[in-house]
Amino acid sequence: MPPSKWTDETRDASCYYADDELGHGRLVSSTGDDEDDEYDETDEQEAFCGGSRGGPLINDAGADGEFPKTRHIFGLMGFLGFAVVYAMRVNLSVAIVAMVNQTAIPHANSSVVDDDTCPVPPVRNDTRVLPQGEFVWDEATQGLVLGSFFYGYVLTQVPGGRMAELMGGKRIYGYGVLVTAIFTLLTPFAAHWDLPLLVLVRILEGMGEGVTYPAMHAMLAHWIPPLERNKFAAIVYAGSNIGTVISMPLAGWLCSLDFLGGWPSAFYIFGLMGMLWFACWMYLVYDKPSLHPRISRAERDYIERSIRPNCGYIDVHEEEEDDDVGDGVELRRTRNVDDAIPWRSLLCSVPLWAILLTQCGQGWAFYTQLTELPTYMSNILHFDIQSNALLNAVPYLTAWFVGIACSALADWMLQRRYISLLNSYKLWNTVASVVPSLGLIGIIYVGCDWVWVTFMLAGVGSFGGAVYAGNQMNHIALSPRFAGTMYGITNSAANICGFLAPYVIGLIINHRETLTQWHIVFWLAAGLNIAGNFIYLLFASADEQSWSLRAAPSQRRGHRVRGTRAPLQT
């Protein structure tokens, strides 16, 4: 018979959830053999399991002696995957300097007020004269080539997330990196062949990379226990930071060599790295713990017990027997055959819109820094190309360290129950939005002092890494079933800023390279970022939404699932 009163300990022993091979199942164990048990006992269990008593008190004690754990290997491969795709993403930004013949492009001189610019430092004798490239592309053409990536990147965000939910994130994420690698290898050939073909290749490359973030989000929902998600996401997604930090100087060095024709080597090397990573990913990683042939039983049970949005709730429509689940319990597994996305409810979800708007504000600030600050440092602060590249790489490195530190602190605070999940999301999202915005405003007030500009970017701006403990994991809390699709929606909207922000900034600057015009750029980015966070504070939620929850057994009494307790095997 079920216990007379449900406690945290009995919940961990009695409420058991795990995905089936299609990701739509629930495992529910009965604590008794009597088919005539009253439903009020079942309802009491359901009420406790579905309540808000705090996180599960399940420990990973059974797998403490295992190293590395299977989920850690998954995290490492995800980290390396993002490092590789970002290396393939930003290499063109570096290589285009060596590809274009700047002296063959006519430049219009414009007069500016002398006291609205920074003084030009004296020219050093050791300044190198860069070799001129073979393509005569003006600024508009270069912008078209660089921005074409984002057109494809935005297109595949939502389809990528949905395909990962239906087909499994392993293949979608892996094939996304593979497609990006293939078209990276083809980039030099397309550039020599025809400009429209190069633009098409970049669009297709963006489409390949566009599925990676939503697919990874869907996999995190299956692989990582809730109290580990913040730091896992920070480590995995921070691969993009490390990929940027490493690839920028490495691509510049490859472009300076005669190896494989100079600048084409940056595309060949990174493309081959992507294909090598793909082979390792397909062998080492699986969609879910239940499908992994080499995972230990202890780790699999720990993950599956921890990840159960509605312990005790099951899906009807189709039922199959699972006679060997472990722990001496025979269980029945049910599969939901109707798992269509509730598009209307999803698109009308206020908490989802709160995530989308704060991501747009953060995206605008991010792409202002990624695409426009190099121009600011070159044209206003008069940094040489070597110092410019180094200074632009440092903020990504500091953001990586800060992101991991903030996420680990967030998980610790949640585990000790010092803060609720919702307040944790709001706290760290505020840190990730407001503090970097203050750094952008600080750049305005420090003027031409490059030391303080560096501090504002690499020091204050590094707190943008706290976003992984902020809104990034909020999708999974709102709906574990549709986390990939939801992330695709919000990330697609945020990445529209990838080509919208440079366009608006171009209208603001409009060949007027002055401190005044750039101050408008920084105020705009900071304002949008803070405004998005304000909306998030008002409307964010950490509760699983009603359109994501499945019906409880008490609502469909003719479909109760029972299990029989079998003798323990010794």
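Remember, it's a predicted structure, so these values are computed and weren't measured experimentally. Numbers here are sequence positions counted from 1.
Formation of a donor-acceptor pair under 3.5 Å by the Gln545 side chain with backbone atoms of Asp543 is found in this model. Between the side chain of Ser462 and the main chain of Pro395, no donor-acceptor pair closer than 3.5 Å is present. Although no hydrogens or angles enter the test, the distance criterion places no donor-acceptor pair under 3.5 Å between the side chain of Glu165 and the main chain of Ala218. Side chain of Ser148 to backbone of Val145: a donor-acceptor contact under 3.5 angstrom is found. Put simply, the side chain of Asp287 gets close to the backbone of Lys170: a donor and an acceptor are under 3.5 Å apart. Side-chain atoms of Trp281 never come within 3.5 Å of backbone atoms of Tyr173 as a donor-acceptor pair (strictly under, hydrogens ignored). When atom types are taken as modelled, the side chain of Ser548 and the backbone of Glu544 share no donor-acceptor pair closer than 3.5 angstrom. Remark: the backbone N or O of Pro289 is not paired with any side-chain donor or acceptor of Arg300 at under 3.5 angstrom. Here the side chain of Thr358 pairs no donor or acceptor atom with the backbone of Ala354 at under 3.5 angstrom. Under the 3.5 Å distance criterion, the side-chain polar atoms of Lys288 are left unmatched by any main-chain donor or acceptor of His222.
Annotation: Tyr418 is in aromatic contact with Trp412 [ring centroid separation under 6.0 Å]. Taking the six-membered ring where the residue is Trp, the centroids of Tyr153 and Tyr213 are separated by 6.0 Å or more. Aromatic ring centres of Tyr237 and Phe79: separated by at least 6.0 Å. In summary, the aromatic rings of Tyr175 and Phe278 are positioned with their centroids under 6.0 Å apart.
Phe149 places none of its side-chain heavy atoms less than 4.5 Å from the side chain of Ile203. Looking only at side-chain heavy atoms (C-beta outward), Ile530 and Ser433 stay at 4.5 Å or farther from each other. Here the side chains of Ser247 and Asn91 are not in contact, with every heavy-atom distance at 4.5 Å or above. Between Ile303 and Glu299, the closest side-chain pair of non-hydrogen atoms falls below 4.5 Å. Using a 4.5 Å heavy-atom threshold, the side chains of Gln472 and Tyr487 count as touching. The shortest side-chain heavy-atom distance between Ile172 and Met167 falls under the 4.5 Å cut-off. Side chains of Ile489 and Leu346 form a contact here, defined as non-hydrogen atoms less than 4.5 Å apart. Put simply, the side chain of Ser407 does not reach to within 4.5 Å of the side chain of Phe232, judged on heavy atoms.
A donor-acceptor contact closer than 3.5 angstrom is absent between the side chains of Asn241 and Thr244. Side-chain atoms of Asn491 and Asn495 include a donor-acceptor pair closer than 3.5 Å. Residues Asn471 and Gln362 have side chains that bring a donor and an acceptor to within less than 3.5 angstrom of each other.
Cation-pi contact between Lys426 and Tyr536: absent, since separation from the ring centre below 6.0 Å together with deviation from the ring axis within 45° is not met. Tyr86 carries Arg89 over the face of its six-membered ring, with the cationic atom under 6.0 Å from the centre and within 45° of the normal. Judged by the 6.0 Å distance and 45° axis criteria, Arg294 is positioned over the aromatic ring of Tyr283.
To the nearest 0.5 Å, atoms CZ (Phe482) and NE2 (His475) are separated by 14.5 Å. Annotation: the span from Trp547 atom CH2 to Arg481 atom CZ amounts to 9.5 Å, rounded to 0.5 Å. Atoms CG and CE, from Leu421 and Met473 in turn, are 11.0 Å apart once rounded to the nearest 0.5 Å. Expressed to the nearest 0.5 Å, how far CG of Leu284 lies from CH2 of Trp277 amounts to 10.5 Å.
Every residue meeting the side chain to side chain contact (heavy atoms under 4.5 Å, CB included) condition with Ala410, not counting sequence neighbours, appears here in chain and number order: Asn230, Ser424, Trp428, Ala469. Here Leu524 pairs with Trp364, Val504, Ile508, Leu528 under the side chain to side chain contact (heavy atoms under 4.5 Å, CB included) rule; sequence neighbours left out. Partners of Trp400 according to the ring-ring contact (aromatic ring centres under 6.0 Å, His included) rule, which considers only residues two or more places apart in sequence or in another chain, do not exist here.
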Check step by step if side-chain contact (heavy atoms from CB on, under 4.5 Å) holds for Leu478 and Ser541. CA-CA 7 Å; Leu478 294 180; Ser541 172; 4.2 Å; yes

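The only option from Thr184, Ile182, Val177 that meets the side chain to side chain contact (heavy atoms under 4.5 Å, CB included) definition with Thr180 turns out to be Thr184.
Note: Trp452 and Phe455 have perpendicular aromatic rings, judged against thresholds of 30 and 60 degrees for the angle between ring planes.
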